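Okay, so here's the structure we're looking at.
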Amino acid sequence: MATVKFFSGEQIPLEMHKVCIVQKLQLPNIERRLEAITEAGNNTFLLNNRDVFLDMLTDSGVNAMSDRQQAAMLIANDSYAGSETFTRLENKIKEIFGMELFLPAHQGRACENIISQALVSPGSIVPMNYHFTTTRSHINLNGGQVEEAITDAGLEITSTNPFKGNMDIGKLNSIIEKHGPDKIAFVRMEAGTNLIGGQPFSLENLSEVRRVCNKHGLTLVLDASLLADNLYFIKTREEKCKSMSIRDITLKLASLCDVIYFSARKLGCARGGAICTNNQEIFVKMRELVPLYEGFLTYGGMSVKEMEAITVGLDETMDEDVISQGPQFIAFMANELNKKGVPVVTPPGGLGCHVNAMKFVDHIPQNEYPAGALAAALYIVSGVRGMERGTMSEDRNPDGSETFSDMELLRLAMPRRVFTLSQVKYAIDRIVWLHENRHLIQGLTFVEEPKILRFFFGKLKPVSNWQEELVKKFQADFGDSL
Ligand code: F0G
């Protein structure tokens, strides 16, 4: 991805790909959008795609594939056991991560199920830079507890710290001291730390974490789902890595870890999951779970077509032009919003542009889900679907009280190579309008609330008729415009 300076002085990211296949979009009018979000119980997960204009819910399984990926899918070799397709993927994983032992799974959380069942037992502790929703749920289901060791900078919404995903080594040492190394199932590092705004860790930090693991004989597990973004940030922000190739950085990172897993819905721009390791003992423990939960060892619940696409997608991840597109579009969006006074997470990370709902709608208390309310409001005024990443994404404590999230974010994911810059500018325009009219937004309250991962299919209603008022103001300002 090139960043070019225009004659006018403006600096914009320039796509280093051209569009070969397109899909038609529709933008329903605001009356329909209000109806649609009401039908969806104010939960953007429950909207139908046909009611969505720009789908910024996630970057998972919705990245644009390359011509080479599509071509590879045509030569997929389908067989229950021992397909050539599997061997090609296994070899690519060896080449890229230097890991000899590979287990397939149907997606990232399936890898987490296998790793947690193999390594976590009642009373186990899993220190990590920061949790991801499905990761923590799997660890808890197996009787373990997560302990977070993110640096204080990681939880500062606005910062100039280039590596807000770093683990605080002092905190890690305290966790080990408090519980004793025998209780630690494994230490987990998450690349492109999702829930704090797609923030990276540095190679230096991972090396320090490794040193602590070595000292206490602990296993280090890397969640590499968002590795592509993290690699780009290491290459561009970490002085010592500027002269290293993406391939060399990847091999170096991998050499520090005992187990690597990833959602190939993100890394590799296809759909699937993978676990790899050089540790025979851990491999054997995990291997027996794959046929039970996923499928035979040479497909693990994935279609062979997707496995071919992952093989090529991983290879393309080693190309800086490919992996820079997401972070550069996100930086463009975050910087433009920032200039117009909209509070966003800085520095811009990977995955998507993260709007700070705690500040955007600072009049909404956390128990009325500010980020969820903002997600519903943005959909109504634009047809852009974002995702709540705040208190709604937490489950309640056993006594029924809320777990208030550290951050209340509206995540506007940037699926890789999917949107054009004019679409991103449309989203920016509507967010800026919403910010000007933020006093009209009010909270939400649950009407149907599942116990686990409630954000996926819980239903809510507005605490007042604020959504109708928002529609009236939009119509007054925009007239017939969609
Ligand atoms: N780990 C991380 C860091 C993730 O971001 C995700 C998924 C997973 C694990 C689970 O992978 O979806 O393939 O089962 N994140 C998606 C998202 C759901 O929208 O951020 P999965």
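Please read these numbers as outputs of a predicted model, since none were measured by experiment. Numbers for residues simply follow the sequence, beginning at 1.
Side-chain polar atoms of Tyr130 and Asn194 form no donor-acceptor pair below 3.5 angstrom. There is a side-chain donor-acceptor pair under 3.5 Å between Glu388 and Ser393. The closest side-chain donor-acceptor pair between Asn397 and Thr403 falls under 3.5 angstrom. Using a 3.5 Å distance cut-off with no hydrogens or angles, the side chains of His179 and Glu147 do pair a donor with an acceptor. In the model, Ser124 has no side-chain atom that pairs as donor or acceptor with a side-chain atom of Gln145 under 3.5 Å. Side-chain contact, Asn113 with Tyr293: no donor N or O sits under 3.5 Å from an acceptor N or O.
In this structure, the side chains of Arg88 and Glu308 come closer than 4.5 Å at one or more pairs of heavy atoms. No side-chain heavy atom of Thr151 sits less than 4.5 Å from a side-chain heavy atom of Phe163. Between Leu453 and Thr133 the shortest side-chain heavy-atom distance falls below 4.5 Å. Considering only heavy atoms from C-beta on, Gln11 stays 4.5 Å or farther from Phe6 through its side chain. Counting heavy atoms from C-beta outward, Val342 and Val355 have side chains that approach closer than 4.5 Å. Inter-residue side-chain proximity for Lys425 and Phe332 is flagged as met; some heavy-atom pair is nearer than 4.5 Å. At a threshold of 4.5 Å between non-hydrogen side-chain atoms, the residues Leu412 and His354 do not count as touching. For the pair Ile93/Thr311, no side-chain contact is recorded, criterion being any heavy-atom separation below 4.5 Å from C-beta on.
For Asp229 (side chain) and Leu351 (main-chain N/O), a donor-acceptor pair under 3.5 Å exists by modelled atom type. Under the 3.5 Å distance criterion, the side-chain polar atoms of Asn278 are matched with a main-chain donor or acceptor of Gly98. With hydrogens and angles disregarded, a donor-acceptor distance shorter than 3.5 Å links the side chain of Glu238 to the backbone of Glu204.
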- Task: Decide ring pair (Phe, Tyr, Trp, His ring centres under 6.0 Å) for Tyr299 and Tyr80; before the verdict, give the C-alpha distance in whole Å, the side-chain angles of both, and the deciding distance to 0.1 Å.
- Result: CA-CA 7 Å; Tyr299 70 93; Tyr80 192 88; 5.2 Å; yes
- Evaluate the criterion side chain to side chain contact (heavy atoms under 4.5 Å, CB included) for residue pair Leu231 and Thr250; output intermediate values, then yes/no. CA-CA 7 Å; Leu231 282 168; Thr250 309; 3.4 Å; yes
- Query: Going through the distances and angles, do Arg136 and Glu394 end up as a salt bridge (charged side-chain N to carboxylate O under 4.0 Å, His left out)?
  - Reply: CA-CA 10 Å; Arg136 188 171 64 187; Glu394 301 283 340; 2.7 Å; yes
- Test side chain to side chain contact (heavy atoms under 4.5 Å, CB included) applied to Leu206 and Leu253, step by step: CA-CA 7 Å; Leu206 190 70; Leu253 285 172; 3.6 Å; yes
- For side chain to side chain contact (heavy atoms under 4.5 Å, CB included), just list the numbers for Arg417 and Cys269, CA-CA rounded to whole Å, side-chain angles, deciding distance to a tenth of an Å, and then say yes or no. CA-CA 10 Å; Arg417 295 177 292 191; Cys269 293; 4.2 Å; yes
- Message: I'd like to know whether Phe102 forms a ring pair (Phe, Tyr, Trp, His ring centres under 6.0 Å) with Phe86, so could you lay out the CA-CA distance, the side-chain angles of the two residues, the decisive distance to 0.1 Å, and finally the verdict.
- Response: CA-CA 10 Å; Phe102 160 54; Phe86 175 79; 5.3 Å; yes
- Item | Test log, rule side chain to side chain contact (heavy atoms under 4.5 Å, CB included), inputs Asn205 and Val209 | CA-CA 6 Å; Asn205 184 247; Val209 173; 4.2 Å; yes
- For Asp223 and Ser225, run side-chain hydrogen bond (donor to acceptor under 3.5 Å, both in side chains): C-alpha distance rounded to whole Å, both residues' side-chain angles, the deciding distance at 0.1 Å, then the answer. CA-CA 6 Å; Asp223 178 344; Ser225 305; 2.7 Å; yes
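The CG atom of Leu101 sits 10.5 Å away from atom CD1 of Ile282, with the distance rounded to the nearest 0.5 Å. The CG atom of Leu103 sits 9.5 Å away from atom CG of Leu289, with the distance rounded to the nearest 0.5 Å. To the nearest 0.5 angstrom, Asp406 atom CG is 9.5 Å from Ile157 atom CD1. Between the NZ atom of Lys92 and the CE atom of Met318 there is a distance of 9.5 Å, given to the nearest 0.5 Å. The distance from the NE2 atom of His216 to the CD1 atom of Ile184 is 9.0 Å, given to the nearest 0.5 Å. The OG1 atom of Thr135 lies 3.5 Å from the CD atom of Glu112; values are rounded to the nearest 0.5 Å.
Counted within 6.0 Å of CD on Glu84, heavy atoms from surrounding residues, nucleotides or ligands total 12 or fewer; the atom is thus considered open. The environment of Lys242 atom NZ is dense: over 12 non-hydrogen atoms of other residues, nucleotides or ligands sit within 6.0 angstrom. For Leu292, the CG atom sits in a packed shell: over 12 heavy atoms of surrounding residues, nucleotides or ligands are nearer than 6.0 Å. In the displayed structure, Lys94 atom NZ is contacted under 6.0 Å by more than 12 heavy atoms of other residues, nucleotides or ligands. Heavy atoms of other residues, nucleotides or ligands lying less than 6.0 angstrom from CD of Glu10 number more than 12.
Salt bridge annotation for Glu408-Arg389: absent, with no cationic side-chain nitrogen under 4.0 angstrom from a carboxylate oxygen. The pair Lys285-Glu288 does not meet the salt-bridge criterion, since no charged nitrogen lies less than 4.0 angstrom from a carboxylate oxygen. Taking the charged nitrogens against the carboxylate oxygens, Lys451 and Asp395 have no contact shorter than 4.0 Å, which rules out a salt bridge. Electrostatic pairing of Glu402 and Arg454 counts as a salt bridge here, judged by a charged N lying under 4.0 Å from a carboxylate O. By the 4.0 Å N-to-carboxylate-O rule, Asp258 lies close enough to Arg210 to be salt-bridged with it. Between Lys235 and Asp248, none of the side-chain N atoms (NZ, or NE/NH1/NH2) sits under 4.0 Å from a carboxylate O, so this pair counts as no salt bridge.
Residues meeting the side chain to side chain contact (heavy atoms under 4.5 Å, CB included) test with Gln107, sequence neighbours left out: Arg109, Arg265. Taking the side chain to side chain contact (heavy atoms under 4.5 Å, CB included) definition, one finds that Asp152 meets it with Lys171, sequence neighbours left out.
When all heavy atoms of Asp55 and Pro415 are compared, the closest pair comes out as O-CG, 4.0 Å. When all heavy atoms are compared, the tightest approach of Leu314 to Ile96 is O-CD1, 3.5 Å. Nearest heavy atom pair, residue Met286 against residue Ala118, reads CG-CB, 3.7 Å. In this structure, Asp321 and Ser324 approach most closely via the heavy-atom pair O-OG, 3.4 Å. Nearest heavy atom pair, residue Ala81 against residue Phe296, reads CB-CE2, 3.5 Å. In terms of heavy-atom proximity, Leu195 sits nearest to Met407 at O-SD, 4.5 Å.
Geometrically, Arg188 does not engage Tyr261 in a cation-pi contact, judged by NZ or CZ lying under 6.0 Å from the ring centre and within 45° of the ring axis.
For Phe45 and Phe457, the ring centers sit 6.0 Å or farther from each other.
The side chain to side chain contact (heavy atoms under 4.5 Å, CB included) test with Phe262 is passed by exactly one of Leu227, Leu226, Leu267: Leu267.
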